[in-house]
2 protein chains.
Amino acid sequence: MSTNATALPKTARGAATRARIIDAATELVRAHGVANTTIDAVIEASNVSKSQIYHYFSDKDDLVLAVIHRQAECVLGTHEELLRKLNSLAGLRRWRDAVVELTRQTNCAGGCPLGSLAAELSETPRTRAALAASFACWASCFGMAFARMQTRAGKRPSGDLRELSEAMLASLQGGLLLAQTMRSTRPLELALDMAIEHVAARLKL
Amino acid sequence: MSTNATALPKTARGAATRARIIDAATELVRAHGVANTTIDAVIEASNVSKSQIYHYFSDKDDLVLAVIHRQAECVLGTHEELLRKLNSLAGLRRWRDAVVELTRQTNCAGGCPLGSLAAELSETPRTRAALAASFACWASCFGMAFARMQTRAGKRPSGDLRELSEAMLASLQGGLLLAQTMRSTRPLELALDMAIEHVAARLKL
DNA sequence: AAGTAACTGGACTAAATAGTCCAATTTTTG
DNA sequence: CAAAAATTGGACTATTTAGTCCAGTTACTT
C-alpha cells in the first residue's frame with residue numbers, strides 16, 4: 001500500500017531504461033489519455049520487457065505519477081525557455097504568438113498536455129497534488145516575468161502578481177481547451193489577448 | 001457502421017426508461033469520466049437490464065453521445081436560467097458569484113461537466129463535434145446577454161460580441177479547471193473578474 | 001382479447017488488461 | 001574475475017468488460 005517496493009536504477013544504463021519507459025508512456029498518455037494507455041503499449045513503444053516496467057514502477061499509478069512529472073518538465077521547460085528573458089509587453093505578445101503558432105501547427109489537437117492530465121486526474125489525491133504543484137510552478141514563471149516587466153518599466157513591484165499569473169494561466173488553459181474542441185486557434189487568441197490587456201492594465205504598462 | 005440499429009421508444013414508458021438510462025449514465029460519467037464508467041454500473045444505477053440498454057443504444061459510444069447531449073442540456077439549462085434576464089454589469093457579477101458559490105459548494109471537485117467531457121473526448125470526431133456545438137451554443141448565450149447589456153445602456157450593438165463570449169467561456173473553463181486541480185475557487189474568481197472587466201471595457205459600460 | 005412494445009435475467013463469448021513469477025542471460029562495475 | 005544490477009521473455013492468473021442471444025414475462029393500447 002504505502003510502501004513503494006520500486007527499485008531505483010543504480011547504473012547509468014538502468015537510469016536510461018527507466019527514462020525510456022517514462023518517455024514512451026508520456027507520449028502515449030499525451031496522445032490517448034491515461035485510461036486509454038495500456039502497459040502493453042508502453043512495453044512495445046519503449047522496447048522493454050514487462051519485468052523491467054514492474055522493476056522500476058510498483059504499478060500503473062506509480063508510472064502515471066512519473067509521467068505527470070515528466071510532462072510538467074516538458075511543458076514548463078518549453079514555457080520557461082520562452083518566458084525566461086521576457087521583460088516587456090512586446091515580449092509577452094511574442095510568447096502569445098509562439099503559443100498560438102504551436103497550437104496551429106498541431107491543428108489544435110491534443111490541447112495542453114498538463115491540462116488534459118489535470119482534467120483526467122484531478123479527482124485522485126496523489127495525482128491531483130502533483131498537478132496542482134505543476135500549475136503553481138507554471139504560474140510562478142509568469143509571476144517572475146511580470147516582475148521583470150515592472151522592474152524594467154521602473155515601477156516598484158505590486159503585490160498581486162500571483163493573482164495576475166493565475167488569471168493568465170486560466171486563460172491559457174481555457175483557450176487551449178476551447179481551441180482543441182472547436183479546432184480553431186481563435187478562442188485561444190482571444191483569451192490570451194484579453195489576459196495580456198489585463199496584465200498591461202494592472203501593471204500600468 | 002453507419003447504420004444505427006437503435007430503437008427509439010414508442011411509448012411513454014419506453015421514453016422514461018431511456019431517459020433513466022441516460023440520467024444514470026450522465027451522473028456516473030460526471031463523477032468518474034467516460035473511460036471509468038462501465039455499462040454494468042449504468043445497469044445497476046438505472047435499474048434496467050442489459051438488454052434494454054442495447055435496445056435503446058447501439059453501443060457504448062452511442063450512449064456517450066446521448067450523455068453529452070444530456071449534460072449540455074443540464075449545464076446550458078442552468079446557465080441560461082442565470083443569464084436569461086441578465087442585462088447589466090451588476091447582473092453579470094451576480095452570475096459570477098453564483099458560479100463561484102456553486103463551485104465552492106462542491107469543494108471545487110468535478111470541474112465543469114462539459115469541460116471534463118471535452119478534455120476526454122475532443123480527439124474523437126463525433127463526440128468532439130457534439131461538444132463544439134455545445135460550447136458554441138453556450139457562447140451564444142453570453143452573446144445575447146451582452147447584447148442586452150448594450151441595448152439597455154443605449155449603445156448600438158458592436159460586432160465582436162461573439163469574440164467577447166468566447167473569451168468569457170475560455171476564462172470560465174480555465175478557471176474551473178484550475179479550481180478543480182488546486183481545490184480553491186480563487187483562480188476561478190480571478191479569471192471571471194478579469195473577463196468581466198474586459199467585457200465592461202469593450203462594451204464601454 | 002389480442003397484439004405490440006417493454007422488460008427481465010441469465011448464460012455466454014471474446015478480448016483486453018494489470019499484475020505475478022521465474023529461470024536464464026547479458027551488462028556493468030568494483 | 002566476481003559480484004551486482006539489468007534485462008529478457010514467456011507462461012500464467014484473475015478480473016473486467018463490451019457485446020450477443022434468447023426464452024419467457026409483464027404492461028399497455030386498441
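Residue numbers start from 1 in every chain, and the chains themselves are labelled A, B, ... in the order their sequence lines are given, proteins ahead of strands. Computed from a predicted model, the values in this text were never measured in an experiment.
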Legend entry - Nearest heavy atoms of A/Pro187 and A/Met182, plus distance in Å: CG-SD, 4.1 Å
Inset, instruction - Measure the distance from NZ on A/Lys50 to P on C/dA18 and round it to the nearest whole Å. - result: 7 Å
Inset, instruction - Provide, to the nearest angstrom, the distance between the OH atom belonging to A/Tyr54 and the C1' atom belonging to D/dT13. - result: 13 Å
Inset, instruction - Looking only at side-chain atoms of B/Arg13, point me to the closest of C/dA6, D/dG9, C/dA18. - result: C/dA6
Legend entry - Nearest-Å distance for atom pair NZ/C1', residues A/Lys60 and C/dA16: 12 Å
Legend entry - Among C/dA6, D/dC21, D/dA6, the one nearest A/Pro9 by side-chain distance: D/dA6
Inset, instruction - From the options C/dA6, D/dG9, D/dG19, select the nucleotide whose nearest atom is closest to the side chain of B/Lys10. - result: C/dA6
Legend entry - Interatomic distance, A/Leu63 CG vs C/dG19 C1' [rounded to whole Å]: 13 Å
Legend entry - Contact under 4.0 Å: A/His55 side-chain N or O vs D/dT7 OP1/OP2: no
Legend entry - Between NE2 on residue B/His69 and CD1 on residue B/Ile22, distance to nearest 0.5 Å: 10.5 Å
Legend entry - B/Asp193 bridged to B/Arg93 by N-O distance under 4.0 Å: no
Inset, instruction - For B/Thr185 and B/Leu188, indicate whether the former's side chain and the latter's backbone hold a donor-acceptor pair under 3.5 Å. - result: no
Inset, instruction - Send over the distance from B/Ile53 CD1 to D/dT20 P, rounded to a whole Å. - result: 13 Å
Legend entry - Between CE on residue A/Met194 and CE on residue B/Met194, distance to nearest 0.5 Å: 3.5 Å
Inset, instruction - With the side chain of B/Thr11 defined as its heavy atoms from C-beta on, choose the nearest nucleotide among C/dT8, C/dA18, C/dA6. - result: C/dA6
Legend entry - Distance, nearest 0.5 Å, that separates CG of A/Leu192 from CG of A/Leu176: 7.5 Å
Legend entry - Straight-line distance of A/Ser165 OG to A/Leu172 CG, nearest 0.5 Å: 12.0 Å
Inset, instruction - Measure from the side chain of A/Gln52, starting at C-beta and using heavy atoms only, and say which of D/dT7, D/dA18, D/dG10 lies closest. - result: D/dT7
Legend entry - Residues from residues 35-46 of chain B lying under 4.0 Å of DNA chain D - heavy atoms: B/Thr37, B/Thr38, B/Ile39
Inset, instruction - Look at all strands and tell whether B/Asp61 reaches a base, only sugar-phosphate, or nothing, counting heavy atoms closer than 4.0 Å. - result: nothing
Legend entry - Selection from C/dA5, C/dC7, D/dT8 that lies nearest to any side-chain heavy atom of B/Ser49: C/dC7
Inset, instruction - Send over the distance from A/Leu28 CG to C/dT17 P, rounded to a whole Å. - result: 12 Å
Legend entry - Rounded distance (Å) that lies between atom C1' of D/dA6 and atom CZ of A/Arg20: 11 Å
Inset, instruction - May I ask you to verify if any side-chain N or O of B/Tyr56 is less than 4.0 angstrom from the OP1 or OP2 atom of C/dA6? - result: yes
